[in-house]
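Here's the structure we're looking at; comments come further down.
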Amino acid sequence: MPHSAESLLQLLQRFPKHRNQVQQIHSLIIVKGYLVCETTNGQSSSKWKSTLLYNALIRAHLGFGQTRKSLLLFAQMLSHRAPPNGYTFPDLVKAASSPSSGSPCPGKTFHAQAAKRGVLRDPFVRTSFVSFYAEYGELGNACKMFEEMSEPCVVACNAMIDAFCKNGDMDSALLLFERMPERDVVSWTSVVNGFRINQRFSEAIQFFNKLMSCSVKPNEATYVTLLSSCASLNGWEAVYLGKQVHGYLVRSEIQLNVFIGTALIDFYGKTGSLNAAINVFGQMMVKEICTWNAMISALSSTGQEKEALDLFERLKMEGMQPSEVTFVAVLTACARGRLVEYGLKLFRSMSLDFGVVPTMNHYGCITDLLGRAGFLREATEFVKSMPFEPDASVLGALFGACKIHGTTDLENEVRKELLELQAQHSGLCVVLSNINADMKRWDHAADFRKKIVNAGVQKIPAYSVIA
DNA sequence: GTAGGGTTAG
């Protein structure tokens, strides 16, 4: 029977990646009225019909990144009285964890919904909540979700390992890794990645070597994580290992996919092999915006600012949509190349022409752009005119500029103004004392340390903002 | 149907 609810459901499940088709099917489902739950005839199969269709639609829209639409579909689902089931929540919760889904995040109401519908015992549902809470920095809730599982499977354990890693608790991640009854390549990769995201790059590489010695077969994700660690470490051993991985991938005749390719470009860019990065970029059949961003950064960090900006022009011509990161990369290139006018023009056009709203990072780039070029007063004015309170990165850029341009009266003025502006800001105080210490003005450093105490700043981070 | 991967000044 053409266009029965069953046949449309099958189509959705079979071809969920074809955006236009999904939209057509969606329209057809609406026209046919299949989304309205029928409870009158009492047949259990038709009771769940709209639920299954909604589940498939939520999944399909999540699949091509339309997370907002997934969330909207859930709201519709409730208003149509189609009861969500255990299959509804994993996709829904994933949509809620996605940063593009907008705020406020509805994840917690989903938790309540899942409890109400009696699906919280489902291990798939629980695992997705573990990841959700981990993403939102609520490690306690993630643990609770995990601990209430009677016999967590390897996937649930992997999700919990990742939850620990993402929230900086590598000890617990390793403990769970040791204690779990079986491990797979995802377990290993999650730990490698955990060391990486906690900036423990040497240990990431060590753990990768351990994985190899245990005869675990790495997969693409493992290599991507490893390459990223090698890129950040940048010692000869790390560079050697990264090149070895590349060589292995070439010998295995594995086509460079977007993730691997982007990781390689980043690796070569950060370790100074610009030509290798360009080669990889040229070989890639499919490029995403991240790929272009990595290449732009590679060019700009190796002193080819003009080429970096040319590549940005090419990206636009090829119809790519620049991301937030793209603008950080191009604005940085402008700052390095002292292209003040062009940088300011780009900054103005980013929200106007590309719909990318500047974040604190972008303000930091412009502060850097002005400051490096010696426009310290303009940079200060710019910081004051920002729509949000400057954070340590913006102030770091400003002080970086002061460092380049020497100890002028203006610098002292800037310092004073900013100190008054953000006396409570522990990040700033650290920046200030670092800068002073750096300039061998230990008396001032001590002075600022005292101010930190007087200002009642509780926490002084154990890292320095200026490297 | 649940887990892990790439790009971001100073």
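Quick caveat, the model's predicted, so the values are computed rather than measured. Naming: A, B, ... by sequence-line order, numbering from 1 per chain. These values consider heavy atoms only, across backbone and side chains, with no hydrogens, waters or symmetry-generated copies.
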Query raised in the report: Would you say the ring centroid of A:H111 lies under 6.0 angstrom from that of A:F132?
Result: no

Report task. Sort and list the pairs that fulfil salt bridge (Lys or Arg N to Asp or Glu O under 4.0 Å) and have at least one residue in residues 152-171 of chain A, not counting sequence neighbours. Result -> A:E135-A:K166, A:D162-A:K166

Requested in this report: Check whether any side-chain heavy atom of A:E324 sits under 4.5 Å from a side-chain heavy atom of A:T359, and report yes or no.
Outcome: yes

Report task. Using heavy atoms and a sub-4.0 Å distance, could you list which residues of residues 328-350 of chain A are near DNA chain B? By number, please. Result -> A:V328, A:T332, A:R336

Query raised in the report: In whole Å, what is the span from the CG atom of A:N293 to the C1' atom of B:dT7?
Result: 5 Å

Query - Between C1' of B:dT7 and CG of A:N361, the distance in whole Å - result: 13 Å

Report summary line: Here the residues of residues 261-284 of chain A within 4.0 Å heavy-atom distance, strictly under, of DNA chain B are A:T262, A:D266, A:K270

Report summary line: Closest of B:dG5, B:dT2, B:dT7 to the A:F259 side chain is B:dG5

Report task. Check whether any side-chain nitrogen or oxygen of A:T127 sits under 4.0 Å from OP1 or OP2 of B:dG1, and answer yes or no. Result -> no

Please output the side-chain donor-acceptor pairs of residues 341-349 of chain A that fall under 3.5 Å, not counting sequence neighbours, one pair per line with the distance.
{"unit_1": "A:Y342", "atom_1": "OH", "unit_2": "A:E313", "atom_2": "OE2", "d": "2.9"}
{"unit_1": "A:S349", "atom_1": "OG", "unit_2": "A:L346", "atom_2": "O", "d": "3.4"}

Query raised in the report: Between B:dG5, B:dA3, B:dT2, which nucleotide has the shortest distance from any of its atoms to the side chain of A:A221?
Result: B:dG5

Query raised in the report: Going by the angle between their ring planes, with limits at 30° and 60°, are A:F129 and A:F89 parallel, tilted or perpendicular?
Result: tilted

Requested in this report: Rounded to the nearest angstrom, tell me the gap between atom CG in A:L227 and atom C1' in B:dG5.
Outcome: 10 Å

**Report entry** Proximal nucleotide (of B:dT8, B:dG4, B:dA9) relative to the A:C365 side chain
**Finding:** B:dA9

Query raised in the report: Could you state the CG-P distance from A:L226 to B:dG4, rounded to the nearest angstrom?
Result: 19 Å

Report task. Describe, in one word, how the ring planes of A:F207 and A:F177 are oriented to each other, choosing from parallel (under 30°), tilted (30 to 60°) and perpendicular (over 60°). Result -> perpendicular

Query raised in the report: What residues, two or more places apart in sequence or in another chain, satisfy side-chain hydrogen bond (donor to acceptor under 3.5 Å, both in side chains) together with A:R200?
Result: A:E203

Query raised in the report: Under 4.0 Å between a side-chain N or O of A:N193 and OP1 or OP2 of B:dG5?
Result: yes

Query raised in the report: Roughly, in whole Å, what's the span from CZ in A:R121 to P in B:dT2?
Result: 21 Å

Query raised in the report: Looking at CG of A:N55 and OG1 of A:T88, how far apart are the two atoms once the value is rounded to the nearest 0.5 Å?
Result: 3.5 Å

Report task. Would you kindly give the CD-to-C1' distance between A:E135 and B:dG4, to the nearest whole Å? Result -> 12 Å

Query raised in the report: CD1 of A:I197 versus C1' of B:dG4: gap in Å, rounded?
Result: 10 Å

Query raised in the report: What do you reckon, are the aromatic ring centroids of A:F146 and A:Y133 less than 6.0 Å apart?
Result: no

**Report entry** A:D310 bridged to A:K306 by N-O distance under 4.0 Å
**Finding:** yes

Report summary line: In numerical order, the residues of residues 299-323 of chain A whose heavy atoms come under 4.0 Å of DNA chain B are none

Query raised in the report: On a plain distance test, is the side chain of A:D122 in donor-acceptor contact with the base of B:dG1 below 3.5 Å?
Result: yes

Requested in this report: Give the ring-plane orientation class for A:F281 versus A:W292, where under 30° counts as parallel, over 60° as perpendicular and anything between as tilted.
Outcome: perpendicular

Report task. Go through the N and O atoms of the side chain of A:S128 and the base of B:dT2, and report whether any donor-acceptor pair is under 3.5 Å. Result -> no

Query raised in the report: To the nearest 0.5 Å, how far apart are CD1 in A:I205 and NZ in A:K210?
Result: 15.5 Å

Report task. Taking only the side-chain nitrogens and oxygens of A:K94, find out if one of them lies under 4.0 Å from OP1 or OP2 of B:dG1. Result -> no

Report summary line: Per atom distances to the A:V155 side chain, the nearest of B:dA9, B:dT7, B:dA3 is B:dA3

**Report entry** Among B:dT2, B:dA3, B:dG4, the one nearest A:F124 by side-chain distance
**Finding:** B:dT2

Report task. Counting heavy atoms from C-beta on, name the nucleotide in B:dA3, B:dT2, B:dT7 closest to the side chain of A:R59. Result -> B:dT2

Requested in this report: Kindly indicate whether the side chain of A:N219 and the base of B:dG5 share any N or O donor-acceptor pair separated by less than 3.5 Å?
Outcome: no

Query raised in the report: Is the A:Y363 to A:F388 ring centre distance short of 6.0 Å?
Result: yes

Report summary line: A:I260 CD1 to B:dG4 C1', in whole Å, measures 13 Å

Report task. Under 4.0 Å between any heavy atoms, over every strand shown, what does A:V154 touch: base, sugar-phosphate, or nothing? Just pick one. Result -> nothing

Query raised in the report: Base, sugar-phosphate, or nothing for A:E288, non-hydrogen atoms under 4.0 angstrom?
Result: base

Requested in this report: Classify the side chain of A:N158 versus the base of B:dA3 as yes if they form a donor-acceptor pair under 3.5 Å and no if they do not.
Outcome: yes

Query raised in the report: Which part of the nucleic acid does A:D184 contact within heavy-atom distance under 4.0 Å: base, sugar-phosphate only, or nothing?
Result: base

Query raised in the report: For the salt bridge (charged side-chain N to carboxylate O under 4.0 Å, His left out) test, which of A:E151, A:E147, A:E148 pairs with A:R126?
Result: A:E148

Query raised in the report: For A:K166, which contact category applies under a 4.0 Å heavy-atom criterion: base, sugar-phosphate, or nothing?
Result: sugar-phosphate

